[in-house]
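Working notes, structure below.
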Amino acid sequence: MDPGTAWELGYAEARGKPVFLWTVDRSELIDRIPGAPSDNGWRDGDGHAIEDFGAIENLMITMPDTFVYDDPEKAIRAATEALSYIKVRRGMQVGIARAFVMAGAAALVAGLLANFFIWK
């Protein structure tokens with residue numbers, strides 16, 4: 001993945017937005033990168049640390065408990081379902097807000113009419 005995509009993923013996760021990932025290799029990161037144990041963890045051939053948190057991707061990409069799909073169609077399907085649910089939920093929230101505004105307006109009008117006709 002390029003740095004821009006990595007930044008966008010981190011930003012979305014930091015904002016609490018849903019993120020849907022897929023990879024062709026779902027094995028743990030530690031198993032995909034050739035390396036060897038050292039005094040301070042696993043290191044690759046250049047001496048760089050290899051994360052060993054049981055994650056499929058680097059911690060800067062996703063948290064270890066985030067599900068990573070094994071094919072793009074599955075990730076897209078999951079995203080479509082989740083975003084449809086969010087859209088429906090948001091639509092319900094707007095509908096409820098409208099109902100409250102309408103009820104408030106009706107109560108105000110009823111009060112004004114009662115004032116005008118009953119308590120003249």
Side-chain angles (χ1 to χ4, degrees):
M1 117 177 26
D2 66 90
T5 302
W7 187 91
E8 290 164 350
L9 284 170
Y11 184 78
E13 287 198 3
R15 298 288 312 265
K17 304 295 182 188
V19 175
F20 302 89
L21 308 171
W22 71 276
T23 183
V24 294
D25 187 349
R26 289 185 36 85
S27 58
E28 291 183 12
L29 194 60
I30 190 78
D31 296 330
R32 289 199 327 245
I33 300 174
S38 70
D39 292 339
N40 52 355
W42 282 82
R43 299 285 173 171
D44 67 10
D46 294 326
H48 300 123
I50 303 172
E51 289 180 2
D52 187 14
F53 299 110
I56 294 173
E57 292 297 336
N58 180 286
L59 279 178
M60 292 184 287
I61 304 304
T62 185
M63 300 303 291
D65 59 345
T66 302
F67 188 78
V68 180
Y69 294 89
D70 60 0
D71 113 2
E73 286 79 18
K74 290 178 185 174
I76 291 168
R77 189 175 318 113
T80 301
E81 290 170 7
L83 295 175
S84 294
Y85 171 75
I86 290 169
K87 184 177 178 182
V88 166
R89 194 176 74 204
R90 191 169 293 140
M92 288 174 53
Q93 290 170 344
V94 168
I96 291 169
R98 284 183 184 152
F100 274 114
V101 168
M102 295 298 286
L108 181 63
V109 168
L112 289 172
L113 290 173
N115 250 355
F116 183 74
F117 289 111
I118 297 173
W119 293 288
K120 249 184 161 179

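Below, each value reflects all heavy atoms present in this structure, side chains not excepted, and no hydrogens, waters or symmetry copies. Being a predicted model, the structure only gives us computed values, none of them experimental.
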Shortest non-hydrogen contact from I50 toward P34
CD1-O, 3.9 Å
At what distance, to the nearest 0.5 angstrom, does CG of D70 lie from CG of L21?
12.5 Å
What is the distance from atom CG of D52 to atom CD1 of I30, rounded to the nearest 0.5 Å?
4.0 Å
How far apart are the closest heavy atoms of A49 and R43, and which atoms are they?
N-NH1, 3.2 Å
Which value, rounded to the nearest 0.5 Å, describes the distance between Y11 atom OH and K17 atom NZ?
8.5 Å
Do S38 and N40 get their side chains close enough for a donor-acceptor pair, meaning under 3.5 Å?
yes
What's the separation between atom CZ in F67 and atom NZ in K74, rounded to the nearest 0.5 Å?
7.5 Å
Backbone of H48 reached by a side-chain donor or acceptor of D46 within 3.5 Å:
no
Would you compute the distance between atom CG of L83 and atom CD1 of I76 and round it to the nearest 0.5 angstrom?
11.5 Å
Is it the case that one hydrophobic cluster holds both V109 and V101, taking links as side-chain heavy atoms less than 4.5 Å apart, direct or via other members?
no
Taking all atoms of both residues into account, what is the closest heavy-atom pair of G35 and W42, and its distance?
O-CZ3, 3.3 Å
Supply the atom-to-atom distance L108 CG to L113 CG, rounded to the nearest 0.5 angstrom.
9.5 Å
Closest heavy-atom contact between F20 and A79?
CD1-CB, 3.4 Å
